[in-house]
Amino acid sequence: KKHVFVTTLLSECAKYDSVPEEYVPKERPEIKERPNYFWWLMDSKVRDHFVIRHGKETQVFWNDPFEHKSDNGRVLSYGGE
């Protein structure tokens with residue numbers, strides 16, 4: 001048979017017996033504003049952008065869902081490492 005016998009120490013019972021009757025919530029720490037590390041991904045027109053790399057050229061495109069078109073963005077040249 002696979003029975004498990006569980007016991008509780010008397011010191012644990014005394015700890016739970018000393019809990020006050022009325023609940024007192026803990027004081028919450030003040031929430032600090034974190035810096036937005038993704039500010040460069042945000043766009044004022046709420047457009048998505050995507051990047052296409054071919055050889056040493058990189059092109060950034062903007063996808064505008066409200067106007068249903070894609071705009072060419074910047075064309076960057078990559079010199080290599």
Side-chain angles (χ1 to χ4, degrees):
K1 296 184 180 185
K2 296 182 179 182
H3 295 295
V4 177
F5 186 70
V6 179
T7 61
T8 303
L9 296 175
L10 189 59
S11 60
E12 287 185 43
C13 292
K15 178 177 77 172
Y16 294 122
D17 191 36
S18 66
V19 174
E21 292 292 324
E22 192 170 319
Y23 174 71
V24 179
K26 291 183 179 180
E27 190 173 317
R28 289 184 166 192
E30 186 178 325
I31 298 174
K32 297 178 181 176
E33 189 75 25
R34 292 183 179 180
N36 184 6
Y37 294 115
F38 298 103
W39 61 269
W40 57 276
L41 289 173
M42 306 299 173
D43 182 45
S44 61
K45 295 182 181 179
V46 194
R47 301 176 294 180
D48 293 328
H49 66 276
F50 57 97
V51 175
I52 297 177
R53 287 189 87 172
H54 185 307
K56 292 186 177 184
E57 281 193 2
T58 303
Q59 236 177 337
V60 181
F61 293 93
W62 294 97
N63 183 27
D64 196 344
F66 299 111
E67 295 184 17
H68 302 291
K69 65 177 184 176
S70 294
D71 293 333
N72 289 347
R74 297 171 39 179
V75 177
L76 308 170
S77 294
Y78 178 69
E81 295 180 272

- Task: Sequence neighbours left out, what passes side-chain contact (heavy atoms from CB on, under 4.5 Å) with Leu10? Give chain and number order.
- Result: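 Per chain and number, Leu10 pairs via side-chain contact (heavy atoms from CB on, under 4.5 Å) with no residue.
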- Message: Holding to side-chain contact (heavy atoms from CB on, under 4.5 Å), I want the full list of residues that pass it with Leu9, two or more places apart in sequence or in another chain.
- Response: Ser11, Glu12
- Note on the structure: To the nearest 0.5 Å, atom CD of Gln59 lies from atom CZ of Arg53 at 12.5 Å
- When Ile, Leu, Val, Met, Phe, Trp and Tyr are grouped by side-chain heavy atoms lying under 4.5 Å apart, directly or through other members, which residues fall in the same group as Val4?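 Taking Ile, Leu, Val, Met, Phe, Trp and Tyr as members, Val4 shares its hydrophobic cluster with Val6.
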